[in-house]
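Structure, as structure tokens:
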Amino acid sequence: MNPLICARCGEHTDHPRVEEGPVLRCARCGHREPFALLPLYCVTGPSGTGKSTVARLLVRRLADRFVVLEQDMLWTAGLRDSGTEHPLFRSTWLRMAAMIHQNGRPVVLCGTVVPPELEPLPERALFSEIRYLALMADPEVLAERLRARPEWRQWDEPRIAEMLEYTRWVRDTAHAMDPPVRLLDTTHAKVEDTADEVAAWVAGHAARTGAAGGAQGAAGARERA
């Protein structure tokens, strides 16, 4: 189900409207359709902090309740839009995650992103909230991890310096972002332990909010409709 296309009149919108119910409401014909409004979990952080490695382990830990996705899978062709915040790339991921949510399982999206890149987008309305957990590492360790990457990834010294500056910025401003970004240091942690902590963060929030029960809620809403 494409949340941007009205099921009755076929109107397309880039500014979806979710109202109490929750339901999607078409601005053109007023059609209201039940909608699974779930939280999105972003496992973020600078390059080299372990996101991709942790994502592989999260699948085994969360796949019975969540859908774990790697953000870089769509970093290709026309989605590599210009600008520092990459709005087309970000919007595409939000649309994809919202459609997956209609199957009843919240998405855990692994990849570098911060609240200012997602929260202002029109597609933000398709989620009850977005939670952010950033993996971090000490600058010296992070630099060595990036230098050890394969040559095709093109981590030269100027690019590494840029990533270290980004890391400093995230660490200094995470608490002041809206919403705040939780930090998790991976400098000396075993990857299995980091994966356990991330999985506990996701599952703990879902348990408190009832988000992991989305499948039954979505199905029930459609039956009532």
Side-chain heavy atoms of Arg131 within contact of Glu129, under 4.5 Å: yes
Residue pair Pro16 / Leu24: nearest heavy atoms and the distance that separates them: CB-CD2, 4.5 Å
side-chain contact (heavy atoms from CB on, under 4.5 Å) between Thr173 and Val181, intermediate numbers included: CA-CA 9 Å; Thr173 62; Val181 177; over 6 Å; no
Verify same cluster id: Phe89, Leu126 (apolar side-chain graph, 4.5 Å): yes
Distance in Å, Asn103 CG paired with Leu38 CG, rounded so as to fall on 0.5 Å steps: 10.5 Å
Leu135 versus Gly50, closest heavy-atom pair with distance: CD1-C, 3.9 Å
Flag, side chain of Glu144 to backbone of Val141, donor-acceptor distance under 3.5 Å: no
Proximity of His101 and Phe35 rings by center, below 6.0 Å: no
Distance, nearest 0.5 Å, that separates CG of Leu118 from CG of Leu40: 7.5 Å
Point-to-point distance, once rounded to the nearest 0.5 Å, from SG of Cys42 to CG of Leu133: 10.0 Å
Between CZ on residue Arg145 and CD on residue Glu140, distance to nearest 0.5 Å: 12.0 Å
Side-chain donor/acceptor of Asp185 to backbone N/O of Thr187, under 3.5 Å: yes
Distance in Å, Leu94 CG paired with Arg90 CZ, rounded so as to fall on 0.5 Å steps: 9.5 Å
Under 3.5 Å: donor-acceptor pair, side chain of Asp172, backbone of Trp169: no
N/O donor-acceptor pair under 3.5 Å between Asn2 side chain and Leu4 backbone: yes
Joint cluster assignment, Val43 & Val107, ILVMFWY side-chain distance < 4.5 Å: no
Heavy-atom check, side chain of Val198 versus side chain of Arg61, under 4.5 Å: no
Check against side-chain contact (heavy atoms from CB on, under 4.5 Å), Cys110 and Val68: CA-CA 7 Å; Cys110 301; Val68 180; 4.2 Å; yes
Check: Ser47 and Arg149 side chains under 4.5 Å, non-hydrogen atoms: yes
Minimum-distance pair of heavy atoms, taken over all atoms of Leu37 and Pro22: CB-CG, 3.8 Å
In one Ile/Leu/Val/Met/Phe/Trp/Tyr side-chain cluster, 4.5 Å: Val18, Ile5: no
From CZ (Arg168) to CD (Glu165), nearest 0.5 Å: 4.0 Å
Leu109-Met177 co-clustered via ILVMFWY side chain contacts under 4.5 Å: yes
Close side-chain approach of Val108 and Pro106, heavy atoms under 4.5 Å: no
Audit row: Val114, Tyr166, side-chain contact (heavy atoms from CB on, under 4.5 Å) steps and yes/no: CA-CA 11 Å; Val114 288; Tyr166 175 77; 3.5 Å; yes
Least distance between heavy atoms, His205 atom then Tyr41 atom: ND1-OH, 2.6 Å
Thr112 vs Gln71, side chain to side chain donor-acceptor pair (under 3.5 Å): CA-CA, chis, key distance, verdict: CA-CA 8 Å; Thr112 301; Gln71 181 179 251; 5.6 Å; no
Test: Arg159 cationic atom under 6.0 Å from Trp155 six-membered ring centre, within 45° of axis: yes
Test item: Thr186 side-chain N/O and Met136 main-chain N/O as donor-acceptor pair under 3.5 Å: yes
Side-chain (Arg124) to main-chain (Phe127) donor-acceptor, under 3.5 angstrom: yes
Within one Ile-Leu-Val-Met-Phe-Trp-Tyr cluster: Leu184 and Val113, side-chain cutoff 4.5 Å: no
Pair Glu119-Tyr132, side-chain donor/acceptor within less than 3.5 Å: yes
Leu164 to Pro139 - nearest heavy-atom pair and separation: CD2-O, 3.6 Å
Val202 and Leu58, any side-chain heavy atoms less than 4.5 Å apart: no
Audit row: Phe66, Arg105, side-chain contact (heavy atoms from CB on, under 4.5 Å) steps and yes/no: CA-CA 5 Å; Phe66 303 87; Arg105 292 188 181 188; 5.6 Å; no
Test: Asp156 and Arg147 ion pair at under 4.0 Å: no
Trace of the salt bridge (Lys or Arg N to Asp or Glu O under 4.0 Å) decision for Lys51 with Asp72: CA-CA 11 Å; Lys51 298 184 299 298; Asp72 286 349; over 6 Å; no
Pro46 backbone acceptor or donor facing Thr49 side chain under 3.5 Å: yes
4.5 Å side-chain heavy-atom contact, Asp14 and Pro122: no
Min side-chain heavy-atom separation His31-Cys9 under 4.5 Å: no
Close side-chain approach of Pro179 and Ile130, heavy atoms under 4.5 Å: no
Expected output: side-chain Glu123 to main-chain Thr92 donor-acceptor under 3.5 Å: no
Residue Glu157 excluded, over 12 heavy atoms near CD under 6.0 Å: yes
Polar side-chain atom of Arg25 near backbone of Glu19 as donor-acceptor pair, under 3.5 Å: no
Shortest non-hydrogen contact between Ala203 and Arg65, atoms and distance: CB-NH1, 3.7 Å
